[in-house]
Protein chains: 2
Amino acid sequence: MELTQIYECFCDRTRLRILHLLAETPLCVCHFQEILGEPQVKVSKHLAYLRSRGMVETKQEKNWVIYSLPEQRGRELEANLKCLQDCASGDPEFKRDLRALTKLRRRDEPSVAIACC
Amino acid sequence: MELTQIYECFCDRTRLRILHLLAETPLCVCHFQEILGEPQVKVSKHLAYLRSRGMVETKQEKNWVIYSLPEQRGRELEANLKCLQDCASGDPEFKRDLRALTKLRRRDEPSVAIACC
DNA sequence: CATCTGTATTCCTGTATAGGCATATTGCAA
DNA sequence: TTGCAATATGCCTATACAGGAATACAGATG
C-alpha cells in the first residue's frame with residue numbers, strides 16, 4: 001500500500017474515527033452509525049472508500065457486513081495506525097467514540113460482532 | 001493544528017518528499033527543485049499549500065526564501081513527522097532524495113541555507 | 001412469495017485540489 | 001534605471017471527493 005494512499009484514507013475525520021474504532025474491534029455498519037451518529041449513506045460510503053483502498057476488509061455475517069482492519073498490515077500502515085491511536089488518545093471525540101463502543105459491547109455481550117444490531 | 005489537516009498535507013507524494021527533506025534541514029525553493037527534479041511552479045505551489053496550513057515556516061534571505069518546519073510543533077505533528085521519517089527509511093525515492101541532499105550540502109558547504117543556489 | 005432489515009449504489013451539486021503556462025513580484029546587481 | 005534571478009500568483013482544465021436523496025439489492029423470515 002502506497003504511503004500517500006494511507007494518508008488519503010486518514011485525511012477525513014469520519015474515516016479517522018472509523019479506523020480508530022476498528023483498531024479496537026471489528027464492527028458492522030450499523031454499529032458505526034450508532035457510535036458515530038452519522039447517517040447510513042455517509043458511513044457506508046466512507047467504508048467503501050476504505051475498502052477500495054485495501055484499508056479494511058469485510059466479512060458477510062448473515063444480514064450484516066463486518067468490517068475489520070486487514071490481517072496482514074504493512075510496516076507503514078502498522079506504524080501509522082499506532083501513531084493514530086497515540087494522537088487519538090488526546091482527543092475528546094475519539095475518546096467519546098471509545099466510550100460509546102464500550103457501552104455498546106457491554107449491551108450486546110457476549111456476541112458483539114454477530115447478533116450486532 | 002487539526003489532525004486531518006496534517007494528513008491532508010501528507011497525502012501528496014511531492015509534499016511528503018518536501019517534509020521528509022525539511023526534517024533534515026531548512027531549504028530554499030531552488031534546492032527543492034534540484035533535489036526533487038520537479039518544475040518550479042509545482043514546488044512553489046506545494047510549499048504555499050504547506051505554508052497556508054502552518055506546516056512550514058518561511059524566512060526571507062536576500063533573494064531566497066528559506067522553508068523550514070515550524071519551531072513549535074504540536075504533539076500530533078511531532079508524532080506524525082517521526083512516523084513519516086520511519087516509513088521513509090524504507091523507501092527508495094526518499095532515500096535518493098536524502099542522498100541528493102547530502103551531495104548538495106557538501107557542494108555548498110559551509111553556508112548551505114544562505115548562498116544556496 | 002411478500003416483506004423487512006441491513007447495506008450498497010446511483011445521481012446530483014458543490015468544493016477542493018493538481019499541474020501546466022504565462023505572468024507578476026521582489027530584491028539585487030551592473 | 002535596466003535587467004536578471006528567485007519565487008509567487010492567476011487563469012485554465014481535469015479530476016476527486018463529500019454528502020444528501022432516492023433507490024437498488026441481498027439475505028432472512030413469515
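Computed from a prediction, not measured in an experiment: that's the story for all the values here. Sequence lines set the chain letters: A, B, ... in the order given, protein chains first and strands last, and positions in each chain run from 1.
With sequence neighbours left out, R73(B) forms a salt bridge (charged side-chain N to carboxylate O under 4.0 Å, His left out) with E78(B). In terms of the side-chain hydrogen bond (donor to acceptor under 3.5 Å, both in side chains) criterion, R99(A) has no residue partners (sequence neighbours excluded). Residues meeting the salt bridge (charged side-chain N to carboxylate O under 4.0 Å, His left out) test with R96(A), sequence neighbours left out: none. For N63(A), the side-chain hydrogen bond (donor to acceptor under 3.5 Å, both in side chains) criterion is met by no residue, not counting sequence neighbours. Evaluation of the side-chain hydrogen bond (donor to acceptor under 3.5 Å, both in side chains) rule for D12(B) yields no partner, not counting sequence neighbours. In this view, E24(B) satisfies the side-chain hydrogen bond (donor to acceptor under 3.5 Å, both in side chains) rule with no residue, not counting sequence neighbours. Residues that satisfy the salt bridge (charged side-chain N to carboxylate O under 4.0 Å, His left out) test with K42(B), not counting sequence neighbours, are E38(B). Residues satisfying the salt bridge (charged side-chain N to carboxylate O under 4.0 Å, His left out) criterion with E57(B), sequence neighbours excluded, are absent altogether.
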Practice item. Go through L27(B) and T25(B) one step at a time and tell me if the side-chain contact (heavy atoms from CB on, under 4.5 Å) criterion holds. Key: CA-CA 6 Å; L27(B) 285 169; T25(B) 180; 4.1 Å; yes
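In this model, the phosphate group of dA8(C) is approached by a side-chain N or O of Y67(A) to a distance below 4.0 Å at OP1 or OP2. S44(B) has a side-chain polar atom (N or O) that falls below the 4.0 Å cut-off from OP1 or OP2 of dA8(D).
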Review point. Can you give one letter per nucleotide of nucleotides 25-30 of chain C, 5' to 3': B if a protein heavy atom sits under 4.0 Å from the base, S if only from the sugar-phosphate, - if neither?
Key: --B---
Review point. Could you run down nucleotides 14-24 of chain D 5' to 3' and tag each one B, S or - for protein heavy-atom contact under 4.0 Å?
Key: ---SSBBB---
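Atom-to-atom, CD of E61(B) to P of dT7(D) comes out at 12 Å; the value is rounded to the nearest Å. dT17(C) atom P lies 16 Å from atom CZ of F10(B), rounded to whole Å. Rounded to whole Å, the distance from CH2 on W64(B) to P on dC4(D) is 17 Å. In this structure, L27(B) atom CG and dT7(D) atom P are separated by 11 Å, rounded to whole Å. Per the geometry, CD1 belonging to I18(B) stands 11 Å off P belonging to dA18(C), to the nearest Å.
Aromatic ring pairs are classed by plane angle as parallel below 30°, tilted from 30° to 60° and perpendicular above 60°; the pair F10(A) and Y7(B) is perpendicular.
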Between side-chain atoms of residues 46-55 of chain B and protein atoms elsewhere (two or more places apart, or another chain), which donor-acceptor pairs fall under 3.5 Å?
unit_1 : atom_1 : unit_2 : atom_2 : d
H46(B) : ND1    : R15(B) : NH1    : 3.1
R51(B) : NH1    : T58(B) : OG1    : 2.8
S52(B) : OG     : Y49(B) : O      : 2.8
R53(B) : NH1    : Y49(B) : O      : 3.4

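As judged by a 4.0 angstrom heavy-atom cut-off over every strand, F32(B) is placed among residues making no nucleic acid contact.
Two end axes, each from the C1' atoms of five base pairs, can be drawn for the helix from dC1(C)-dG30(D) to dA30(C)-dT1(D); they diverge by 0°, to 10 degrees.
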